[in-house]
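Source: prediction; values computed, not measured.
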Amino acid sequence: MPPVATARFAIGDVVKHRLFDFRGVIFDVDPVFANTEEWYEAIPEDVRPRKDQPFYHLLAENAESSYVAYVSQQNLVTDDSGEPVDHPAIAEMFDGDDEGRYHLKPALRH
């Protein structure tokens, strides 16, 4: 079995994409790539991430919209702006923002 990389980020962390202009709150983590092959192949080859690393589900936002994003660990960095993330699903999943980190509601923890 291949080794599993250690997740650098946790649920509730605020992160931003290393290459593209969006940021978000992590709400789930896959230890390795767990999306469709079609999704993976749609990424331009010159920026396509490796599959053998954690991938994060984000409640994401950019200047135009809010959405859900699926991003490799290699393409995320900590967002230390201190600004809240303005995504409509945040209030459903998280309790408050505490110094750049959101806390998952107890009912959603497993």
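- Here the closest non-hydrogen pair linking A91 and K105 is O-CE, 2.9 Å.
- By the criterion of side-chain heavy atoms lying less than 4.5 angstrom apart, applied directly or through intervening Ile, Leu, Val, Met, Phe, Trp or Tyr residues, V47 is grouped together with Y40 in one hydrophobic cluster.
- Counting only distance, with no hydrogens or angles, the side chain of Q73 and the backbone of R8 share a donor-acceptor pair below 3.5 Å.
- Between Q53 and V32 there is no side-chain heavy-atom pair separated by less than 4.5 Å.
- In this structure, the side chains of F55 and P49 come closer than 4.5 Å at one or more pairs of heavy atoms.
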_Test side chain to side chain contact (heavy atoms under 4.5 Å, CB included) on N62 and Y67; report intermediate values, then the result._
CA-CA 9 Å; N62 61 26; Y67 51 95; 3.6 Å; yes
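- A salt bridge is absent between R23 and E83; no separation between the charged side-chain nitrogens and carboxylate oxygens falls under 4.0 Å.
- Under a hydrophobic clustering in which Ile, Leu, Val, Met, Phe, Trp and Tyr are joined whenever their side-chain heavy atoms come within less than 4.5 Å, directly or via other members, V14 and L108 fall into the same cluster.
- Counting only N and O atoms by type, the side chains of Y56 and D13 include no donor and acceptor under 3.5 Å apart.
- No side-chain heavy atom of H103 sits less than 4.5 Å from a side-chain heavy atom of F94.
- E37 is linked by a side chain to side chain donor-acceptor pair (under 3.5 Å) to K51, counting only residues two or more places apart in sequence or in another chain.
- In this structure the side chain of E38 never reaches within 4.5 angstrom of the side chain of E41, judged on heavy atoms.
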*Yes or no on side chain to side chain contact (heavy atoms under 4.5 Å, CB included) for V15 and L58, after CA distance, side-chain angles and deciding distance?*
CA-CA 9 Å; V15 294; L58 308 178; 3.7 Å; yes
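- With sequence neighbours excluded, no residue forms a side chain to side chain donor-acceptor pair (under 3.5 Å) with H87.
- Looking at heavy atoms from C-beta onward, I90 lies in side-chain contact with L59 at the 4.5 angstrom threshold.
- Closest heavy-atom contact between A7 and P54: CA-CG, 3.8 Å.
- Within the model, atoms OG of S72 and CZ of R18 stand 9.0 Å from one another, a figure rounded to the nearest 0.5 Å.
- Using a 4.5 Å cut-off between side-chain heavy atoms of Ile, Leu, Val, Met, Phe, Trp and Tyr, with links allowed through other members, I43 and V71 fall into the same hydrophobic cluster.
- To the nearest 0.5 Å, atoms CG (L104) and CG (D28) are separated by 9.5 Å.
- Between L76 and F9 the shortest side-chain heavy-atom distance falls below 4.5 Å.
- A donor atom on one side chain and an acceptor atom on the other are not found under 3.5 Å apart for T78 and D80.
- The closest donor-acceptor contact from the side chain of S66 to the backbone of D86 lies under 3.5 Å.
- Here the side chains of Y70 and D30 are in contact, with some heavy-atom distance below 4.5 Å.
- Using a 30° and 60° split on the angle between ring planes, F27 and H57 fall in the tilted class, from 30° to 60°.
- The side chain to side chain contact (heavy atoms under 4.5 Å, CB included) test with Y102 is passed by exactly one of D95, I26, I11, V25: V25.
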